[in-house]
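Order of listing sets the numbers, starting from 1, for every ligand and every atom in it.
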Amino acid sequence: EKYEEAVAYQHRREEISNLPVDSGWGNIPGRLYKGFWFPEPILYGVLSLRRNFRPAPSDIFLATCPKSGTTWLKALAFVICSRGSNGPQSMILSRNPHDCYPNIENFYIKPQVPDLDAMPSPRLMATHTPYSLLPESVRDEESPSCCRIIYLCREPKDTLVSTYHFANGISGSDESMISMAEAVELFCKGHSPYGPVWEHQLEYWAESRRRPDKVLFLKYEDLKAEPEANVRMMARFMGRPITAEEEADGTVAEIVGLCSFEKLSGLEVNRVGVRMNGSGRAIKNSLHFRKGKVGDWREHLSPEMADKVDAVTRDKLNGTGLSH
Ligand code: A3P
């Protein structure tokens, strides 16, 4: 089996090295695979995940396009799931949410297949992988191990501005910084990490409409406007509904408060901590918390830039039922 996996890894190397390449964001080469731009190191993980992942029916995938609120979704899901038991909930106070569980594709980057059987159930699997590229077994509704998925999407202009700041924040050198004009250009062409962002959202959107019992589609803006209603929805979907007793004792408000931008960004671990991301870069935890606002694009995009992104959004979402 080890030999077979080593051969498969070699095949993946060859396959990836033949894909279109472009380094636009923060110096990490992007590779175009089946319509989406992946950071090259992560694509190894995505391909191996597709080949090697063994789902359990209780698995819950937390899917996002980067800079759409992944950190927030991870924190909320973790706290919702672990509430009631002593210990894990407080982990969110001493660990960055990405260290509670890294993205699943990051486990699969190395040639060795990871053993995830020991993870506590339900296993929370965060991912940036587009829906169409998730392992077949996770998506197959006929399969007994077909998984639940929570998708969090965000308005594209805010996602773009957040991506721009993050990419420049991790770039490490002046030469690899990009201008906002370049970022808008790349983003609108669909060339952003795991982009095009519209296709990423639409794949999950379509699936959530087809199978609402298995795919829950959330919006960053709704979560901001009505956090408690969204927490209740998530808890129900995850099979851990808020009980009458919890309603009475303020548990929902507590979860919202614990996972809020203000709370998490003020924690020592998130102010001074550093972690390695999937591409092997040291990332300051503070970079995961910038402003956490809806509509911050107004501070950063010229009217022309905003119009350009909006035009693409209108064009791509037209007739899909998804709106921002
Ligand atoms: P901004 O750059 O607009 O501030 P991701 O977690 O997918 O990388 O997304 C990062 C974005 O989510 C950043 O947006 C970040 O500030 C925001 N964010 C992080 N934690 C948050 C929280 N608890 N509540 C709301 N927004 C949060």
Side-chain angles (χ1 to χ4, degrees), residues 25-26 28 39 42 61-80 89 91-93 95-106 124 126-130 150-171 180 183 187 192-195 197 200-201 204 218-228 230-231 234 253-267 269-271 273 275 277-279 281 283-301 306 309 324:
W25 296 84
I28 296 175
I42 310 279
F61 276 70
L62 307 171
T64 50
C65 213
K67 314 324 290 173
S68 302
T70 318
T71 315
W72 195 12
L73 182 66
K74 283 182 177 183
L76 284 168
F78 180 75
V79 172
I80 288 170
Q89 188 156 334
M91 207 157 98
I92 209 76
L93 299 174
R95 276 199 206 182
N96 178 267
H98 296 280
D99 285 330
C100 292
Y101 36 89
N103 286 8
I104 181 72
E105 45 277 80
N106 298 359
L124 299 178
T127 186
H128 290 318
T129 299
I150 302 178
Y151 186 77
L152 179 61
C153 98
R154 190 178 192 191
E155 198 278 327
K157 296 190 293 308
D158 277 342
T159 308
L160 156 65
V161 166
S162 189
T163 307
Y164 162 83
H165 282 106
F166 189 75
N168 281 344
I170 64 170
S171 76
M180 187 59 96
F187 193 82
S192 52
Y194 303 83
V197 72
H200 200 287
Q201 297 178 351
Y204 282 97
L218 303 176
K219 290 182 178 173
Y220 184 95
E221 297 73 26
D222 293 347
L223 217 71
K224 273 269 168 194
E226 293 188 284
E228 296 200 3
N230 278 270
V231 163
M234 279 180 72
E254 209 180 301
I255 294 172
V256 169
L258 194 56
C259 300
S260 68
F261 181 87
E262 293 68 27
K263 177 74 184 177
L264 293 184
S265 61
L267 295 172
V269 60
N270 293 325
R271 282 190 288 110
R275 53 183 297 276
N277 78 350
S279 302
R281 285 192 178 207
I283 308 264
K284 288 185 193 155
N285 286 343
S286 59
L287 275 177
H288 293 290
F289 305 92
R290 195 180 61 91
K291 282 196 185 166
K293 287 200 173 131
V294 171
D296 183 52
W297 61 267
R298 288 190 180 82
E299 308 288 327
H300 301 279
L301 300 183
V309 183
H324 286 297

Only heavy atoms of [X], strictly under 4.0 Å: list the atoms of ligand 1 that pass.
X      : result
Phe289 : 16 (O), 19 (C), 20 (N)
Ser260 : 23 (N)
Lys291 : 4 (O), 16 (O)

(message) Heavy atoms only, cut-off 4.0 Å: how does Ser265 contact ligand 1, side chain, backbone, both, or neither?
(response)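 No part of Ser265 is near ligand 1 at this cut-off.
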Give a yes or no on whether the backbone of [Y] and the side-chain of [X] come within a donor-acceptor separation of less than 3.5 Å.
X      : Y      : value
His288 : Thr70  : no
Thr163 : Thr159 : yes
Asn230 : Glu226 : yes
Glu155 : Gly295 : no
Arg95  : Cys100 : no
Thr127 : Thr129 : yes

[atom] [closest protein heavy-atom partner, distance rounded to 0.1 Å]:
atom                    : value
atom 12 (O) of ligand 1 : Gly69 CA, 3.9 Å
atom 17 (C) of ligand 1 : Tyr220 OH, 3.9 Å
atom 16 (O) of ligand 1 : Arg290 N, 2.9 Å
atom 24 (N) of ligand 1 : Trp72 CD2, 3.2 Å
atom 8 (O) of ligand 1  : Lys67 NZ, 2.7 Å
atom 13 (C) of ligand 1 : Ser162 OG, 3.6 Å
atom 3 (O) of ligand 1  : Arg154 NH2, 2.9 Å
atom 15 (C) of ligand 1 : His288 O, 3.4 Å

(message) More than 12 heavy atoms of other residues, nucleotides or ligands under 6.0 Å from NZ of Lys263: yes or no?
(response)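 No, not enclosed.
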If I apply the N/O under 3.5 Å rule, does [X] come out as touching ligand 1?
X      : result
Cys259 : yes
Lys293 : no
Thr71  : yes
Gly292 : yes

(message) Between Ser286 and Asn270, is there a side-chain heavy-atom distance shorter than 4.5 Å?
(response)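 Not touching, per the 4.5 Å side-chain cut-off.
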(request) Answer yes or no: is there a side-chain heavy-atom contact under 4.5 Å between Val309 and Trp297? (result)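 Contact flag for Val309/Trp297 side chains = no.
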(message) Using a strict threshold of under 4.0 Å (side-chain N to carboxylate O), is an ion pair present between Asp158 and Lys67?
(response)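 Salt bridge flag = no for Asp158 with Lys67.
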(message) Looking at Glu221 and Lys219, is there a salt bridge between them, counting it only when a charged N and a carboxylate O are closer than 4.0 Å?
(response)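 No, this pair does not count.
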(message) For Phe166, state whether at least one heavy atom is located under 4.0 Å from any atom of ligand 1.
(response)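 For ligand 1, residue contact (heavy atoms, under 4.0 Å) with Phe166 is absent.
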(request) Measure the distances from the heavy atoms of His165 to every atom of ligand 1 and state whether one is below 4.0 angstrom. (result)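 Not so, His165 does not reach ligand 1.
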(request) Go through the side-chain N and O atoms of His200 and Tyr151 and say whether any donor and acceptor fall under 3.5 Å apart. (result)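 Checked: His200/Tyr151 side chains pair up, N/O donor to acceptor below 3.5 Å.
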(request) Check each of Asp296, Val256, Thr70 against atom 5 (P) of ligand 1 and report the one with the nearest heavy atom. (result)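 It is Thr70 that holds the nearest heavy atom.
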